[in-house]
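Report on the following structure.
A note on names: the letters A, B, ... follow the listed sequences, proteins ahead of strands, and every chain is numbered from 1.
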Amino acid sequence: MLLGNANVGKSALFGALSGRYVSVSNYPGTTVEVASGVVGRNGSSRALLDTPGIQSLHAVSPDEVVTRNIVLSGDPGAVLLVIDAKNLQRGLLLALEAGEAGIPIVVALNMADEADRKGIEIDVPKLSALLGVPVVRAVAPRREGIEEIRTRLGHAAPIRLRVEYPPAVERAVERVGEVIGGSRPASRLAALLSLAGDDALLTDLSVAGHAEIAVLREALGFELGLPAASVIQRARLEAARRTAAEVLRRRPTAESLPERLARLAIHPAWGWPILGLVLYAVYLFVGVFGAGTLVDFFEETVFGGWINPVVTSAVTRWIPIPLIADFLVGDYGVVTMALTYSVAIVLPIVSTFFLAFSLLEDSGYLPRLAVMLDRPFRRMGLNGKAVLPMILGLGCDTMATMTTRILETRKERIQVTLLLALGVPCSAQLGVLLGMMAGLSTAAIAVWAVVIVGTMVAVGALAARLLPGTSSDFILELPPLRRPGLVNITLKTLARVEWYLKEVIPVFVIGTAILFALAGTGALSVIQEALSPLVVGWLGLPVEATEALLVGFLRRDYGAAGLFAMARTGGLDFVQITVSLVVVTLFMPCIANVLMIVKEYGSRVALAVVAVVFPLAFLMGGLVRLFFQAFPGLFS
Amino acid sequence: MQCPLCSFEFEPRSGCSTSCPFGSGCNLVCCPNCGYQGVDPERSRLAGWVQRAISRFTGPKPVHATGPSGDGGRIALSRLDLGIDATVVDLSAMSPARALRLGAFGLSTGAHVRLVQRRPVPVLRIGETDLGLESAVLDEIQVVPGRRETDEPSGRAHAH
Ligand SMILES: Nc1nc2c(ncn2[C@@H]2O[C@H](COP(=O)(O)OP(=O)(O)OP(=O)(O)O)[C@@H](O)[C@H]2O)c(=O)[nH]1
Ligand SMILES: [Mg+2]
């Protein structure tokens, strides 16, 4: 398995070693799930696991717990401990913990190129001798050191370097070892962790004797005159510091351009224009180029001028059965509706967005955005760390729901999950929304923005009050700014577009098929009739909007695409466009998102989220309409 | 409050009685000594907000790192000048859970740290790690300016 601090390049090494692509990005918390692959070498091959990064084996957030449990499971196999060569001391801290677990280790000093540039020199043979395990210099994106790691994995050994704790700690470790069962694997580490206060660990190990250990911990703290945790921690840090000092030499270097930029990006004054510039660049690329130029080209030229007429005439000529012909090219046809929407309207927008997004991810800007947005997020009872999943939600809310694992408390995780489901439009939907907004006045767009942001802030603040539990500190590591690698950007964008094609297009086709069936059997008009008080009476939309809202239950971007098509053909006036924008933005993102919430937090939470989101969407939509009615002429 | 013109101390509410019909809702106060009209930042939300924004931007005046103070030069990290190396000497004000969390990034007594910025969020450099942090944390970290080597041999590594 791979083990290491967050953002040290584990996934990049995993990709180079196993040949399997996993997502690599320049922010801590990219990997939240274990991925497995195989390292092969002349016939002999071994399984390799990529794991979420951890700050310490004293796990705090659920993604860290996953990794810690593998280490403590007793048989992690050979472990490739990945250390950021720029930050040896921190890596050694983790190495010492891993040494206490007694697992066989090979150390990879990754990011050796960046260490060189910063004038940091590490005496690799000496480090290897001190630790008693193979140490390999590596630069994952350039595949440097990969072959050597492959060879050395066969020589993994337990780390010999030991932290010398005060005798009182050693005695307590022995006693705790007896309580949790001294023969279990990694019992020394488990004992130290529980003395340092990791209660969740004991539960995870299903060890009885919480009370006994708590007593030992208290007694130790009393004996030392300090909390046991801080004594243990300090001893480890001191050991790591000394070892690092022995093998490390540094030449002073001048501040490089990326370093200066990194500083400006979080500067209290310069940070804002930079943020504005970044957003504007994304808007130009996705909103203007993707949603404008590319969509026009695909919808009007490719589908409108070419595919749809050709397919329609082919179908009418070769398929005489009207039902099937209608199913393919009718009003609710698979080609004329599902494919036109998903390929012509959504795909260009999604692709440009994914590309822009990958660039942002790899540059290292996102954690800096979190710093800039910490303050506004506090209004929603969250801290800047929650910016990461929220921004990822602009890519895909379902994936982002999984990334909430990087947050430390369940309360924050559920809060962010709720806000993601409520008002963070995913790339597919964002694109369609941008398209719809093109025809609106600035004032109407402002109404939309104020309503969405206001709803999110209000719901976030309310959830912060109502949900039980605590919030965590804001502690976020800021990785260096890097020039994104072309290969990684391309791979990541393609992987995401592929995901889109696989997940979204089937849903569009199924949705269309359902509409087709409803329309064909006459059920559609019954539903339209039944929902008319809501759709026509309360929201003031034309009755045809019902079908867009219906498919919006499957995916809100599909609903948005339907409304977009209505707006383009003049079926909606600007009040109706604004109202429907508000309603679909506040819809649940998609079925997959609901399923993900069920998977992560159980069906009760999922139900609660759904029960909040849909009524709120209709409520806000109706209120916006009333607002426009109260002030007619204000926005025309 | 203090009159900005004559520095006379007075209660804002006991300002000059105005004959203006909107007097009760007025955010201006008059100095009873010299009659100077000023803004009561407590009453005017806008002025109060701007004032806080200004002080937030300039920040509390940091203590100069070179000048030794009574406690062997010990200050809370929040008061350290930006861009100066300092050595952590005391973390006992911090909750153990928080100390453990930050310890994983290398923060402990004896560690060398540097405050990179205060706003919008304090950024602390520990070794090669830049950390964005809660501002409350800075008050719990006591440092002495300058890089000091620790002399306590509390932990040592040795190979078996
Ligand atoms: N210069 C340089 N950059 C690297 C190296 N290895 C990885 N990177 C970059 O470092 C960043 C983090 O890489 P990842 O592989 O996602 O890191 P990780 O350890 O999997 O991170 P988490 O999953 O968040 O714990 C990416 O931007 C990589 O391109 C290296 O050896 N040199
Ligand atoms: Mg990773």
Where does A/Ile475 contact chain B at under 4.5 Å (heavy atoms): side chain, backbone, both or neither?
-> both
Got a list of side-chain donor-acceptor pairs under 3.5 Å for residues 222-232 of chain A, not counting sequence neighbours?
from, atom 1, to, atom 2, distance (Å)
A/Glu223, OE2, A/Arg171, NH2, 2.9
A/Ser230, OG, A/Pro227, O, 3.0

Taking atom CG of B/Asp85 and atom CZ of B/Arg125, what is their separation to the nearest 0.5 Å?
-> 9.5 Å
With distance as the sole test, does B/Ser108 use its side chain to make a donor-acceptor pair with the main-chain N or O of B/Gly103 at under 3.5 Å?
-> no
Measure from the side-chain N and O atoms of B/Asp130 to the backbone N and O of A/Leu478, and report whether any donor-acceptor pair falls under 3.5 Å.
-> no
For B/Asp139, which residues count as a side chain to side chain contact (heavy atoms under 4.5 Å, CB included) partner, sequence neighbours excluded?
-> B/Ser78
Part of A/Gln55 lying under 4.5 Å from any heavy atom of chain B = both
Quick one: of B/Met94, B/Glu134, B/Arg98, who has the most non-hydrogen atom pairs under 4.5 Å with chain A?
-> B/Glu134
Measuring heavy-atom distances to chain B, does A/Glu97 have an atom under 4.5 Å in its side chain, in its backbone, in both, or in neither?
-> neither
Of the backbone (N, CA, C, O) and the side chain (C-beta and beyond), which part of A/Glu114 lies under 4.5 Å from a heavy atom of chain B, both, or neither?
-> neither
Is chain A contacted by the side chain of B/Leu107, its backbone, both, or neither, given a heavy-atom distance below 4.5 Å?
-> backbone
